[in-house]
Amino acid sequence: MKVMRQHTGATVGVSFIVLLLLASLFAPLPYDPKATEGGASLQAPSGAHWFGTDGAGADVFSRVIDAARIDLSLALAGTVLSLVLGVVLGLAASTKGKGSERLVRGLDAFQAFPLLILALALVTLSGNKLYMVVVAIALINIPRYMRLLRSEVLSLRESRFVEAAMAMGASPRRITFRHLLPNVWGVVLVQTSLTIANAIVVIAALSFLGVGVSAPTPSWGGMIRAGAGNMSSGEWWIASFPGLIVLLCVLAFNQLADAIGDTTARSHR
Amino acid sequence: MSDELVLDVRNLAVTIDTPDGVVNPVRGIDLQVHRGEIVGIMGESGCGKSTTVKGILRLLGPNSHVTADTINLVGKADLAHASKKVMESIRGRHIGFVAQNPFGSLNPIYSIERQFYEVQKAHKTGAKKAESREIALSMLKGVGIVAPERVLSGYAHQLSGGMAQRVVIALATTLGPELLFADEPTTGLDATVQAQILDLISGLVRTENRSMVLVTHDLGVIAQYCQRAVVMYQGEIVESGDVMQVMVNPQHEYTKKLIGSVPKAEGRLNVAR
Amino acid sequence: MSLVEVDSAVKTFASRVRGRDPVRALRGISLHIEEGETLAVIGESGSGKSTLGRAVLRLLDLDEGSVRFDGTDLGGLSPHAMRAMRADMQIVFQEPYESLNPRLTVGGIVSEPLEIHQPRLKTKEIRRQVLATLDRVGLPGDAARRLPGELSGGQQQRVGIARAIISRPRFMVLDEPTSSLDLSIRAQILALLAELQEDYKMAYLFVSHDMHTVESVSDRIAVMYLGEIVETAPTSQLFASPDHPYTQTLLSARLSADPRERHAYQSYAGDLSVTSPASA
């Protein structure tokens with residue numbers, strides 16, 4: 001909790017995310033996010049409709065809040081999958097064998113693909129299955145975890161305390177779980193916070209392109225896409241509010257990453 | 001050694017502002033250096049010996065303040081009240097400084113020749129490049145480097161630690177300063193290299209009748225190369241005097257304890273008892 | 001039979017700089033260490049002394065030659081058998097802080113050899129032994145709950161020693177165990193190591209660059225120079241009448257803390273640093 005006191009940005013960010021999640025899960029929304037009122041379409045923000053209404057007459061505020069449920073859950077699910085597989089594969093890639101070298105070569109080849117396009121293709125070919133969005137996020141982020149783990153673990157393996165553990169007869173398994181992993185946890189947490197931010201952007205990008213979460217279920221990317229056409233005719237609120245929320249979420253997780261990075265760096269000294 | 005004073009420091013103190021408040025790493029330091037003598041400042045880590053030297057030379061960071069009744073570089077200036085500009089003109093010309101890590105003192109992206117020229121330029125000696133090169137060659141020969149041409153055209157990373165420290169000493173003495181400060185100049189070097197470097201630097205002082213302040217944690221360096229010794233403990237001088245007296249017949253409890261800690265050749269079983 | 005026997009050990013490392021010659025760290029080293037004795041290995045940087053210490057513990061594999069511990073050829077052991085062997089042979093490092101896992105408490109660090117080699121031991125018994133060992137190396141019991149970063153350099157090195165002795169090894173490599181410590185702390189640690197050797201009848205391989213330290217702790221001294229042992233002799237004999245010119249150079253480079261004793265430094269013909277810009 002000391003972290004929070006010293007990092008106002010992270011405190012504000014985390015509070016914002018938690019509030020957003022709680023609101024999307026439990027709070028009574030002023031309007032049904034999927035309901036449309038023909039007569040009340042394209043209304044500017046007002047006391048009745050804080051964020052205005054969209055082309056179909058749905059309340060933008062209700063939709064933005066409701067979208068957090070699906071967008072954030074997908075982002076979290078994708079991040080957890082990336083984290084688990086990335087750490088396991090990253091550990092495998094940081095041993096001193098031939099196999100680990102091959103794994104790294106394969107990683108290089110894989111990362112040469114434009115991963116967002118790969119993700120797009122996967123989700124489309126699966127017939128817009130939501131679990132494929134999670135898989136796509138993992139595909140993009142697993143290599144990042146692997147590289148991070150590999151560079152951290154390789155330098156830790158050279159450290160004196162790992163040499164000391166070998167000298168006392170610790171098994172490779174014991175060295176991994178007692179000496180290596182606890183010492184990479186800090187950077188993994190930082191990476192995880194950044195991954196969530198990245199996942200939110202990827203999901204928004206996919207929905208913007210019309211894959212993944214599809215209408216009428218509200219999603220930030222989908223709302224931006226729907227409102228994009230209205231920008232030129234002056235109805236700025238339809239695309240701007242979901243865009244702003246994406247921006248704030250990314251900022252919040254970046255702040256959190258900074259705060260975690262600071263504290264782990266300090267406790268290392 | 002003569003009675004002629006070269007440096008006279010009275011009541012020097014250093015304060016440093018830290019996030020946790022103001023600290024006083026060094027207090028009430030009096031230090032006199034005479035022409036031709038080597039004064040050793042000894043003590044363990046954290047005793048303030050390096051801070052003292054950096055305070056005299058005004059090489060401490062922006063959060064620190066140096067106060068003193070006087071830091072008289074006799075005949076030149078009172079460093080306690082000298083401006084930044086005056087300090088810059090004095091360092092290098094009248095006072096040479098040799099730090100512990102030679103690679104920190106050398107610029108990695110300039111050739112050694114260029115670094116000699118930079119010294120000439122900084123002090124506006126008017127020496128041209130060719131002239132600076134001649135001076136550099138003779139300085140490098142003077143510090144025992146056999147192939148000075150090769151060293152001059154090379155860079156710091158091509159040198160071993162001992163060679164780099166020789167180059168730093170040559171740079172520090174290029175303009176013939178009458179007073180040298182050396183802060184742990186051989187810590188981290190092999191014993192054989194240490195002996196060579198210390199023989200060299202003390203020889204430079206002796207033949208040219210200069211003076212030196214030598215900061216070290218190594219009692220052997222004090223005993224073998226200094227005429228006078230100053231013992232520091234927790235930011236203050238606890239004992240000072242002739243080396244023979246301080247090292248052979250120490251008065252202060254801390255000095256006694258320090259000298260008693262030197263490993264003795266009495267066989268290993270005696271260590272335990 | 002000696003406790004430790006090294007026979008014609010050779011180890012070559014590929015140079016980190018491409019195009020440079022490989023580093024021949026050990027060029028046919030043979031030595032033996034008896035039960036309860038201290039053999040010091042002295043040498044300067046690049047002499048291969050630290051490589052030797054690690055090779056003896058088989059923390060790295062030799063290119064040629066063998067290491068026998070208590071008659072067993074360590075090179076022939078399976079990884080599993082080698083790990084079991086390590087209860088008997090330990091190491092204390094030069095860098096006290098770097099050798100301790102910053103995420104573990106002192107108690108967790110010191111108990112680890114017991115958890116590895118005596119997995120059936122009860123938690124309570126482990127705690128009892130940890131506290132007894134901490135006490136033995138001069139640390140208070142409440143140190144067990146601290147993190148290494150909260151201790152001073154001398155205390156950290158005591159933790160390193162406690163970890164090394166808790167499995168009651170018969171042999172320890174001490175790799176410059178006092179080089180990074182202040183003089184007064186150094187004396188305490190050397191005294192502690194001497195006491196422990198007496199109590200537990202351990203043999204030491206004491207790796208050092210410092211003649212003063214070596215003179216005070218060792219029974220015999222091996223002088224290493226560029227991957228070879230140029231001279232081995234009982235301590236007093238080596239200091240009284242050094243045979244090899246390099247040993248004479250090392251002795252002359254010693255700086256006595258007594259100003260009445262003077263040595264004149266004499267250089268050694270093979271000393272690369274004197275004449276040419278060394279490449280390393």
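Please read these numbers as outputs of a predicted model, since none were measured by experiment. Hydrogens, waters and symmetry mates are skipped; everything else that's a heavy atom, side chains included, is used. Chain identifiers are assigned alphabetically (A, B, ...) following the order of the sequence lines, protein sequences preceding nucleic acid strands; residue numbering begins at 1 within each chain.
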(request) Determine whether more than 12 heavy atoms belonging to other residues, nucleotides or ligands lie under 6.0 Å from atom CZ of R24(C). (result) no
(message) How about CZ on F113(A), more than 12 heavy atoms from neighbouring residues, nucleotides or ligands closer than 6.0 Å, or not?
(response) no
(request) Return the option, out of A165(A), S159(A), A170(A), with the maximum number of heavy-atom pairs under 4.5 Å with chain C. (result) A170(A)
(request) Can you tell which part of L104(C) gets under 4.5 Å to a heavy atom of chain A, answering side chain, backbone, both or neither? (result) side chain
(message) As an exercise, state the distance from CE of M89(C) to CE of M168(A), rounded to the nearest 0.5 Å.
(response) 14.5 Å
(request) Indicate the atoms forming the closest heavy-atom contact of P102(C) with N183(A), along with that distance. (result) CG-OD1, 3.4 Å
(message) If I measure from the heavy atoms of chain A, does Q90(C) come under 4.5 Å with its side chain, its backbone, both, or neither?
(response) side chain
(request) Please state whether the side chain, the backbone, both or neither of H80(C) comes within less than 4.5 Å of a heavy atom of chain A. (result) neither
(request) Would you name the heavy atoms of A164(A) and F93(C) that are closest together and state the gap between them? (result) CB-CE1, 3.5 Å
(request) For chain A, find which of L100(C), L57(C), V92(C) contributes the most heavy-atom pairs closer than 4.5 angstrom. (result) L100(C)
(request) Count the heavy atoms of every other residue, nucleotide or ligand shown that sit under 6.0 Å from CZ of R170(C), and state whether that count exceeds 12. (result) yes
(request) Indicate yes or no for a side-chain donor-acceptor contact from R160(A) to the backbone of E95(C) under 3.5 Å, with no hydrogens or angles considered. (result) no
(request) With chain C as the partner chain, list the residues of residues 172-181 of chain A whose heavy atoms fall under 4.5 Å from it, by residue number, and write 'none' if nothing qualifies. (result) P172(A), R174(A), R178(A), H179(A)
(message) Show the nearest heavy-atom pair for residues R86(C) and A167(A), with the distance to one decimal.
(response) CD-O, 3.2 Å
(request) Check whether R58(C) gets within reach of chain A through its side chain, its backbone, both or neither, counting any heavy atom under 4.5 Å. (result) neither
(request) Measure distances from I91(C) to the heavy atoms of chain A and classify the residue's part below 4.5 Å as side chain, backbone, both or neither. (result) side chain
